Amino acid sequence: MTFYESIVLLHILAAIVGLGASFAMPVVTKFAKTTNQARFALEVNAKIETLPKIGSLTLLASGLLLGYLNTALFSEFWYISSLVIYVLAQVLVIGIIPKKQKQMSDILNSHEGDDLPESYRTVDRQLDPYIYSLHGLAVVIIILMVVKPF
């Protein structure tokens, strides 16, 4: 296996580890029916979040390294598009989604009782379009990487 092939393998593994975990995270919070379950779900997601962060940084580093090793990639539309989509996804991952998750946590911390407050459910529903968009962007990047249509 060449060095380049090793970096491609690392890139694929980072995608599996990082994206797999990020696809699972919203499922964990959707199963919460009580305040305690919701708190636990948010704690679990905080722990799981490490994998997408490491995976995402590894994807960026290995993807750029592949471009450095094969500069022809920088003239490929699928490669440039993937980088642009990655940056757009980071706006959701870094800017929007954590704020909504913090809101959910704050609601739980100020709530007494075991019933799940409606305000928590509201913020959770508000989070859905961002999560679906993020997952959609990830799928588009995967398709671009596999099919290389342009």
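Keep in mind that this is a model prediction, so the values were computed, not measured.
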(Q) To the closest 0.5 Å, what do you measure between CG (Leu108) and OG (Ser119)? (A)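 So the gap between those two atoms works out to 8.5 Å.
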
Who are the salt bridge (Lys or Arg N to Asp or Glu O under 4.0 Å) partners of [X], not counting sequence neighbours?
X	answer
Lys53	Glu49
Lys99	none
Glu112	none
Asp114	none

Q. So, Ser133 side chain and Pro129 main chain: donor-acceptor pair closer than 3.5 Å or not?
A. yes

Q. Side chain of Tyr79, backbone of Ala72: donor and acceptor closer than 3.5 Å?
A. no

Can you sort out the partners of [X] under ring-ring contact (aromatic ring centres under 6.0 Å, His included), two or more places apart, ordered by chain and number?
X	result
Tyr68	none
Phe23	His135
Tyr130	none

**Q.** Sequence neighbours excluded - salt bridge (charged side-chain N to carboxylate O under 4.0 Å, His left out) pairs with any residue from residues 70-92
**A.** none

Q: Provide the full list of salt bridge (charged side-chain N to carboxylate O under 4.0 Å, His left out) pairs with a residue in residues 25-42, sequence neighbours left out, each pair given once.
A: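 As it turns out, the salt bridge (charged side-chain N to carboxylate O under 4.0 Å, His left out) pairs with a partner in residues 25-42, which skip direct neighbours, are Lys30-Asp124, Lys30-Asp128.
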
Can you give me every donor-acceptor pair (side chain of residues 80-88, partner residue at least two apart or in another chain, under 3.5 Å) with its distance?
unit_1 : atom_1 : unit_2 : atom_2 : d
Ser81  : OG     : Phe77  : O      : 2.7
Ser82  : OG     : Trp78  : O      : 2.7
Tyr86  : OH     : Ser56  : O      : 3.0
Tyr86  : OH     : Ser56  : OG     : 2.8

Donor-acceptor list for residues 6-13 side chains, cut-off 3.5 Å, not counting sequence neighbours:
unit_1 : atom_1 : unit_2 : atom_2 : d
Ser6   : OG     : Thr2   : O      : 3.0
His11  : ND1    : Leu59  : O      : 3.4
His11  : ND1    : Ser62  : OG     : 2.6

(Q) Less than 4.5 Å apart, side chain to side chain, heavy atoms only: is that true for Pro52 and Leu19? (A)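 Heavy-atom side-chain distance check fails, nothing below 4.5 Å.
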
For residues 136-148, which side-chain donor-acceptor pairs fall under 3.5 Å, sequence neighbours excluded?
unit_1 : atom_1 : unit_2 : atom_2 : d
Lys148 : NZ     : Met145 : O      : 2.6

